[in-house]
Amino acid sequence: MQGEMQPTIYRFKFGEFEVATILDSKSLRQGLHPSFGPERAAAEASALCAANGIEADRYEHPFTPTLVNTGRQVVLFDTGNGFLRRDIEQLRGRLPDGRLVERLGQAGYQPGDIDVVVTTHGHPDHIGGLLDRGQPVFPNARYVFGAAEFDFWKRGENVREARKFNRELFVKLAVPLADKAAFINPGDEVVAGIRAVDAAGHSPGMLAFHVESAGKRLLIWADTCNHYVIAVQRPDWQLDVDDDKDKAAATRKRVLDMAATDKLFVAGFHMPFPALGTIERSAGGYRWVPVSYQLNL
Ligand SMILES: [Zn+2]
């Protein structure tokens with residue numbers, strides 16, 4: 001027996017850009033239900049999983065940042081789990097070690113090569129690799145945060161009980177970067193060819209990003225859908241980690257509809273590696289279709 005060996009980097013040309021999805025880490029979790037669809041019967045979730053050939057009791061939860069090299073700037077979307085497991089006792093049993101930096105190296109990038117670090121939202125698995133013992137992991141980067149998202153976590157008002165700890169983490173890992181950061185709103189440009197899209201709901205000011213080059217279009221949807229079956233096929237179902245559940249469901253439907261209508265490629269942080277797919281309409285909802293070779297041509 002040689003043990004598990006699976007791909008962790010997927011790099012491809014995208015118009016005049018080069019894009020890479022990089023698996024930071026993954027965790028094995030118990031029970032899609034009741035995390036997904038707490039308001040639904042367990043049997044309904046089990047039936048949906050069975051129809052899609054996956055177990056309902058155990059699932060893989062991957063964490064996949066996306067890197068876009070425009071030829072002028074190297075832009076990294078989210079920093080994964082980073083050092084949370086090492087540094088934060090409460091997370092030790094829950095999150096894997098982040099391996100983003102090591103795998104960026106395998107993909108050809110040193111930390112100093114990253115020009116812009118974009119944080120889609122302030123949840124732990126997206127900010128965990130911003131700082132290492134108080135020092136920026138990406139020493140030459142400037143930072144981009146959603147203005148509403150940054151403001152929410154920085155202020156710390158109306159943070160629900162389950163996210164109080166997350167707020168402390170944000171103050172520790174993201175707030176110190178404010179003087180090197182730009183704060184943007186939906187519709188704003190990060191660099192030429194990359195524009196923010198409103199995806200609020202999962203967190204108060206989450207942003208997705210449209211990437212467009214030479215007629216090719218990719219949507220980096222962050223945590224709009226957190227499971228490739230349940231959240232895509234049943235976008236109405238609640239998710240326990242959504243901060244505003246109704247808004248998150250409305251955002252899922254709007255973004256899924258846009259992705260299907262505009263035939264966008266999607267990079268999804270928690271989609272199965274390489275975390276790239278397209279969205280098809282199917283009875284009552286949508287379907288995640290993993291990429292095959294479309295991006296290699
Ligand atoms: Zn996440």
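Ligands are counted one by one from 1 in listed order, and the atoms in each one are counted from 1 as well.
- The distance from the Zn ion (ligand 1) to the nearest N/O/S atom of His202 is not under 2.8 Å.
- Inspection of the Tyr109 and Asn69 side chains reveals an N or O donor paired with an N or O acceptor under 3.5 Å.
- Looking at Asp125 and the Zn ion (ligand 1) together, the shortest N, O or S contact belongs to OD2.
- More than 12 heavy-atom neighbours from other residues, nucleotides or ligands sit within 6.0 angstrom of CD on Gln6.
- Between His126 and His121, the ring planes lie tilted relative to each other; the angle falls in the 30° to 60° range.
- Counting heavy-atom neighbours within 6.0 Å of Lys247 NZ, excluding the residue itself, gives a total of 12 or less.
- Taking 2.8 Å as the threshold, His126 counts as a candidate ligand of the Zn ion (ligand 1), since one of its N, O or S atoms lies below it.
- The Zn ion (ligand 1) forms the vertex of an angle spanning NE2 of His270 and OD2 of Asp223; to the nearest 10 degrees it equals 90°.
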